[in-house]
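Just so it is clear, the structure is predicted and the values come from calculations on it, not from any experiment.
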Amino acid sequence: MVGIVSYGAYIPYHRVSREEFYKAWGGFPIPGEKAVASYDEDAVTLAWDAANDCLAGADPKKIDGLFFGTTCAPYKEKQSSTIIATALDMRENIRTADFTNSLRCGTSALMAAADAVKAGSVKNMLVVAADCRMGAPAGQGEAMYGDGSACLLLGDKDPIAIIKESYTISDEFSGEWRADGDHYVRTWEDRQVLDEGYSDQLPKVVKGLLQKAKLEPKDITKAVINSPMDVRRHGKVLVDCGFGFGQVQDCFFMTVGTCGSAMGMMMLVAALEDAKPGDKILLAQYGNGADAFLIECTEAIAKKKAKEHRGIKVNMASKRMLPYYSYLRWRGIVTIERARRPEIP
């Protein structure tokens, strides 16, 4: 029996109002704000914060491995999962692996970890996803991509939620991509990206999972499906899948932004924070195909809520608004004049 033993999340303290982007570049005003990693944060540090929140006083030496999913690894040739494991003070003889190059790399890591626990190769496994995607200035992505991370501890003892089924499909489709020399994410025209990619693949994977589990949409308590930059399309996909408004998990577009490979797992953490025993949660994440999971909460979910986790709610409430010029400096988009005298050592 493989399940989720603990969860954690991290949303950066700093936010930028989308009005700032509209004032700078014009175009169409987009409501809300997005979370922005600080000048000294990246996908690895975000992942550590979520993993540390997930462990919540547990002994990291007893964890058998760590899988990390991101599209924004700070190194092209260096394993990020080992950095996170070392910073968490995990032991040496563990499994570590990086999953990357797709917006569903976080859920792909989750699927691999669940299979490892189910096979008995490991007793438990940390799965963490984080992203700090960059949209080009004056583009939609600049205002809509948010930064964030989430972590799940999988195990076979005393889970708060059981992973009952999983289903995946693969699709070669260049909707959003970033080549080796690209600094910013690139996309095709919206109708191509959404009609031929997102809106096609997610209903397929959701219906495939429900058929495999012999369930109907009405049997699902919360539908956790990551959102594209167009939140209207997110709603349409949920309707196409047969879900009602009360079943939909908030995708944080207005408060955090779309957080890439971490989005689905962050939404799952939010769903678990409010879940009750017996609730059925459907998690689905799109990216060159799609992954889907059926997760059922156990009686232990009620006890878990009393423990110390910052999770989504606490991180969401803790924030400081950041001016646009600071965002530009932190991301290295603009440079400023250096000090005219040597810095004092």
Taking His309 for the side chain and Tyr7 for the main chain, is one N or O donor matched with an acceptor at less than 3.5 Å? yes

Would you check if Lys34 and Arg15 make a side-chain contact, meaning some heavy-atom pair closer than 4.5 Å? no

Is the shortest heavy-atom distance from the side chain of Ser326 to the side chain of Arg331 under 4.5 Å? no

Would the distance check show the side chain of Thr298 and the main-chain N or O of Pro159 forming a donor-acceptor pair, the cut-off being under 3.5 Å? yes

Sub-3.5 Å donor-acceptor pair from the side chain of His183 to the main-chain atoms of Ile333, do we have one? no

NZ-CD distance between Lys222 and Gln247, expressed to the nearest 0.5 angstrom: 8.5 Å

Are Trp177 and Leu103 linked, directly or through other ILVMFWY residues, by side chains that come within less than 4.5 angstrom of each other? no

Give the intermediate values and the outcome of side chain to side chain donor-acceptor pair (under 3.5 Å) for residues Asp291 and Ser108. CA-CA 7 Å; Asp291 295 326; Ser108 295; 3.2 Å; yes

Side-chain donor/acceptor of Asp274 to backbone N/O of Ala271, under 3.5 Å: no

Test: ring pair (Phe, Tyr, Trp, His ring centres under 6.0 Å). Region: residues 61-98. Which pairs qualify, not counting sequence neighbours? Phe67-Phe99

Could you pull out the closest heavy-atom pair between Thr168 and Ala290, with the gap in Å? OG1-O, 3.1 Å

Is the charged tip of Arg233 near the ring of Phe253: under 6.0 Å from the six-membered ring centre and within 45° of its axis? no

Test side chain to side chain contact (heavy atoms under 4.5 Å, CB included) on Ile4 and Leu154 and set out the steps. CA-CA 5 Å; Ile4 299 168; Leu154 301 188; 3.9 Å; yes

Are the side chains of Ile30 and Phe21 in contact, using a 4.5 Å heavy-atom criterion? no

Check the pair Tyr286 / Val205 against side chain to side chain contact (heavy atoms under 4.5 Å, CB included), numbers first and verdict last. CA-CA 9 Å; Tyr286 168 75; Val205 79; over 6 Å; no

Do you know which two heavy atoms are closest between Ser227 and Tyr198, and how far apart they sit? CA-OH, 3.7 Å

Strictly distance-based, threshold 3.5 Å: is any side-chain N or O of Thr107 a donor or acceptor partner for the main-chain N or O of Gln285? no

Is Met90 reachable from Val5 through a run of hydrophobic residues whose side-chain heavy atoms are each under 4.5 Å from the next? yes

Yes or no on side chain to side chain contact (heavy atoms under 4.5 Å, CB included) for Leu282 and Val224, after CA distance, side-chain angles and deciding distance? CA-CA 6 Å; Leu282 186 147; Val224 177; over 6 Å; no

For residues Asp49 and Ser149, is any side-chain donor paired with an opposing acceptor at under 3.5 Å? no

I want to check something: taking the side chain as every heavy atom from C-beta on, are Ser170 and Arg104 in contact at a cut-off of under 4.5 Å? yes

Within 6.0 angstrom of Glu19 CD, more than 12 heavy atoms from elsewhere: no

Cluster question for you: counting only ILVMFWY and a side-chain heavy-atom cut-off of under 4.5 Å, with indirect links fine, are Leu238 and Leu215 together? yes

List the steps and the verdict of salt bridge (charged side-chain N to carboxylate O under 4.0 Å, His left out) for Asp98 and Lys78. CA-CA 10 Å; Asp98 292 356; Lys78 183 174 172 63; over 6 Å; no

Test side chain to side chain donor-acceptor pair (under 3.5 Å), reference Glu41, set Tyr13, Trp330, Tyr10, output is Tyr10

Same hydrophobic cluster for Ile301 and Leu283, using side-chain heavy-atom links shorter than 4.5 Å among ILVMFWY? yes

If I take atom CZ from residue Phe293 and atom CE from residue Met111, how far apart are they, to the nearest 0.5 angstrom? 3.5 Å

Ala270 to Phe252 - nearest heavy-atom pair and separation: CB-CZ, 3.6 Å

Rounded distance (nearest 0.5 Å) linking atom OG of Ser261 with atom CG of Asp131: 3.5 Å

Nearest non-hydrogen partners of Lys280 and Glu296, listed with the distance: CE-OE1, 3.9 Å

Is it the case that atom CG in Asp158 sees more than 12 heavy atoms from other parts of the structure closer than 6.0 Å? no

How close do Leu272 and Cys297 get, heavy atom to heavy atom, and via which atoms? CD2-SG, 4.2 Å

First locate atom CG of Asp230, then atom NE2 of His234, and finally report the distance between them rounded to the nearest 0.5 Å. 11.0 Å

Neighbour count >12 (heavy atoms, 6.0 Å) for atom NZ, Lys62: no

Are Met254 and Tyr22 connected in the hydrophobic side-chain network, where two residues link if heavy atoms are under 4.5 Å apart? no

When you compare the side chains of Tyr324 and Glu142, does any donor N or O come within less than 3.5 Å of an acceptor on the partner? yes

Could you tell me whether the side chain of Ser102 and the main chain of Gly287 form a donor-acceptor pair under 3.5 Å? yes

I'd like to know if Arg310 pairs up with Asp53 as an ion pair, taking the criterion as any Lys NZ or Arg NE/NH1/NH2 lying under 4.0 Å from an Asp or Glu carboxylate oxygen. no

Apply side chain to side chain contact (heavy atoms under 4.5 Å, CB included) to residues Arg95 and Asp64 and explain how you reach the verdict. CA-CA 6 Å; Arg95 293 191 177 193; Asp64 292 336; over 6 Å; no

When you look at CZ of Phe243, are more than 12 heavy atoms from neighbouring residues, nucleotides or ligands closer to it than 6.0 Å? yes

Is any side-chain N of the basic residue among Arg133 and Glu176 closer than 4.0 Å to the acidic one's carboxylate O? yes

Find out whether Leu152 and Leu110 are in side-chain contact, i.e. whether some heavy atom of one side chain is under 4.5 Å from a heavy atom of the other. yes

Counting only heavy atoms from other residues, nucleotides and ligands, does the tally under 6.0 Å from CG of Asp279 exceed 12? yes

Shortest non-hydrogen contact between Arg91 and Lys61, atoms and distance: NH1-O, 2.8 Å

Between Lys212 and Glu165 (side chain of the first, backbone of the second, donor and acceptor by atom type, cut-off under 3.5 Å), is there such a pair? no

Would a 4.5 Å heavy-atom cut-off, applied to side chains only, mark Thr70 and Val44 as touching? no

When you compare the side chains of Gln79 and Thr96, does any donor N or O come within less than 3.5 Å of an acceptor on the partner? yes

What I'd like to find out is whether the side chain of Leu322 reaches to under 4.5 Å of the side chain of Val16, using heavy atoms alone. yes

Would you give the length of the straight line joining atom CE of Met266 to atom CG of Leu268, rounded to the nearest 0.5 angstrom? 11.5 Å

Is a salt bridge present between Asp180 and Lys76, judged by a nitrogen-to-oxygen distance below 4.0 Å? yes

A side-chain contact here means heavy atoms from C-beta on lying under 4.5 Å apart; do Leu153 and Val127 qualify? no

Mark yes or no for whether Asn315, through its side chain, and Ala9, through its backbone, hold a donor-acceptor pair below 3.5 Å. yes

